2 protein chains.
Amino acid sequence: MSDSSSTSRDVTFLRLNSLPMLLEREIESMILDGRLSVGGRVNENQLAAAFGVSRGPVREALRSLEALGLVELLPNRGVFIRRLEIEQVIEVYGVRAALFGYAGKLLAQRGDPVVLARLRAMLDDMSAAAARHDFDRYYPLNFEFHDYVVASTGNSVLAAQYRGLVKQLRLYRAGNLMTGNTLELSNEEHARMVEAIAAGDAEAAFRACFDHVESGKERLLARSPAPASSAEPQEKSA
Amino acid sequence: MSDSSSTSRDVTFLRLNSLPMLLEREIESMILDGRLSVGGRVNENQLAAAFGVSRGPVREALRSLEALGLVELLPNRGVFIRRLEIEQVIEVYGVRAALFGYAGKLLAQRGDPVVLARLRAMLDDMSAAAARHDFDRYYPLNFEFHDYVVASTGNSVLAAQYRGLVKQLRLYRAGNLMTGNTLELSNEEHARMVEAIAAGDAEAAFRACFDHVESGKERLLARSPAPASSAEPQEKSA
DNA sequence: CGACATTAAATTGTTGACACTCTACAATCC
DNA sequence: GGATTGTAGAGTGTCAACAATTTAATGTCG
């Protein structure tokens, strides 16, 4: 069998992409992009028709997304895009802080100069964007910075858990945006993190990383309404 | 409306138990009990026949279990009970330590006397079992103790993540057992944890809880073979 | 005898159809 | 008129059959 043919490419493609997996990723991005509105209901028939497949694979994809905490399955009622209430956001932020702090600790203990150089480069980019109050540039850099911290620890479980939590946080009404000088404040915390990691001070790195996420939570809470007590997912249409 | 009828119970039962959810829980316990051997392959037809249902609901249940990290789905090849290699066990232990440390920190900060009393009671029970070297009694108490720590923080996300990791750890050949005086050593660490929580010392509580899990990892590594480099799931039959 | 191609069996992937449940609207009764 | 009951529609739950792929077995050639 000649493996250099286009068939080989298709095979490797299919090895990582079964139909339900593809649908899972596509629906996930539809949720994260806001194309499926939070709290709204998902229609299996519609979704299947839109992708040109039957309902079976769609249902499997939705089961995966349920386990990831992105949708909610109510028997005989349907699938709802999960809505995070402020109380749950607080819980997620706490766990995220614990994981991020652990990541900082690991990096400080390892002291990999390559990782450190990369972190400093990213920090410089963010500083430049922060100085210009260029939020549109800062935001993706900030995201990339955090993701690199957890990814470069080499602990794939840690990275996976962290990423899952970040995804869930987007289910809280889209207003996770920074305003005013929070941009600079945030970046000063980044600097402290990198500093502690560079110094190989595991304790300080943990605290800097942990506190950074906690500060983010505080900034979010500061401009959020008081915690309500409603918890039921609501039936509003997409 | 009178909700006290027996119908009401059935309704609430069905609200939380669709067929795929029931299957998911059943298959999960089959895995954790060892009735489905780690590394083995799962046959959809067999499983569906055993439960007297069709393959659809079974496949949905397996998708959920994949997201929980209990099985592995290889397109066109089948479903395999996930096998954890020692490297992954180490990673999971690390994350578990971070979460457990965070739980201890939260409990110390809260300082709930009811929780504290419960912890002390459990600690006493474990001490008694440890003194008698009664492992069969100690093991479930130990499990319950840890679970209560994360559950009583009130952070449901934290508890869910922690429990997921504990489940995954059972996918490493069943030898998570304690031997010799590790029982007493372990319980001394429990005492330190409770002490720090009682003192309201968040820092010390974090360290005690974190170190306790790390110690568990060390105890496990001490009697494990050297890390191999094979990672592929193997095809062994159930 | 071993390696390779071929064929058959077993298993997964996907579909369309049917049964059941829930929701919304209309008709009926008090 | 308001509440209740009945009924049609929409949508989910489950299944059995068919298609596609992989795996095992068989036969063939060097």
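Just so we're on the same page: letters track the sequence lines, and every chain starts at 1. Fair warning: this is a prediction, and the values are worked out from it, not measured in the lab.
Note on A:G56: a base of the nucleic acid sits closer than 4.0 angstrom, heavy atoms only.
In this structure, the side chain to side chain donor-acceptor pair (under 3.5 Å) partners of A:Q168, at least two apart in sequence or on a different chain, are A:R82. Taking A:E218 as the reference, nothing meets the salt bridge (charged side-chain N to carboxylate O under 4.0 Å, His left out) condition, with sequence neighbours excluded. With sequence neighbours left out, B:S215 forms a side chain to side chain donor-acceptor pair (under 3.5 Å) with B:E189. B:R59 meets the salt bridge (charged side-chain N to carboxylate O under 4.0 Å, His left out) test with A:E60, B:E44; sequence neighbours excluded.
Here the P atom of nucleotide C:dT15 and the CG atom of A:L47 are 13 Å apart, to the nearest Å.
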Which pairs, protein N/O on one side and nucleotides 8-14 of chain D N/O on the other, fall under 3.5 Å?
residue: D:dG11; atom: OP1; partner: A:N43; partner atom: ND2; Å: 3.0
residue: D:dG11; atom: O3'; partner: A:R41; partner atom: NH2; Å: 2.7
residue: D:dT12; atom: OP1; partner: A:R41; partner atom: NH2; Å: 3.3
residue: D:dT12; atom: OP1; partner: A:V42; partner atom: O; Å: 3.2
residue: D:dT12; atom: OP2; partner: A:E44; partner atom: N; Å: 3.4
residue: D:dG13; atom: OP1; partner: A:N76; partner atom: N; Å: 3.1
residue: D:dG13; atom: OP2; partner: A:R59; partner atom: NH1; Å: 2.5
residue: D:dG13; atom: OP2; partner: A:R59; partner atom: NH2; Å: 3.1
residue: D:dG13; atom: N7; partner: A:R55; partner atom: NH2; Å: 2.8
residue: D:dG13; atom: O6; partner: A:R55; partner atom: NH1; Å: 3.2

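Residue pairs meeting the salt bridge (charged side-chain N to carboxylate O under 4.0 Å, His left out) criterion with at least one partner in residues 149-169 of chain B, sequence neighbours excluded, are B:E28-B:K167, B:D147-B:R163.
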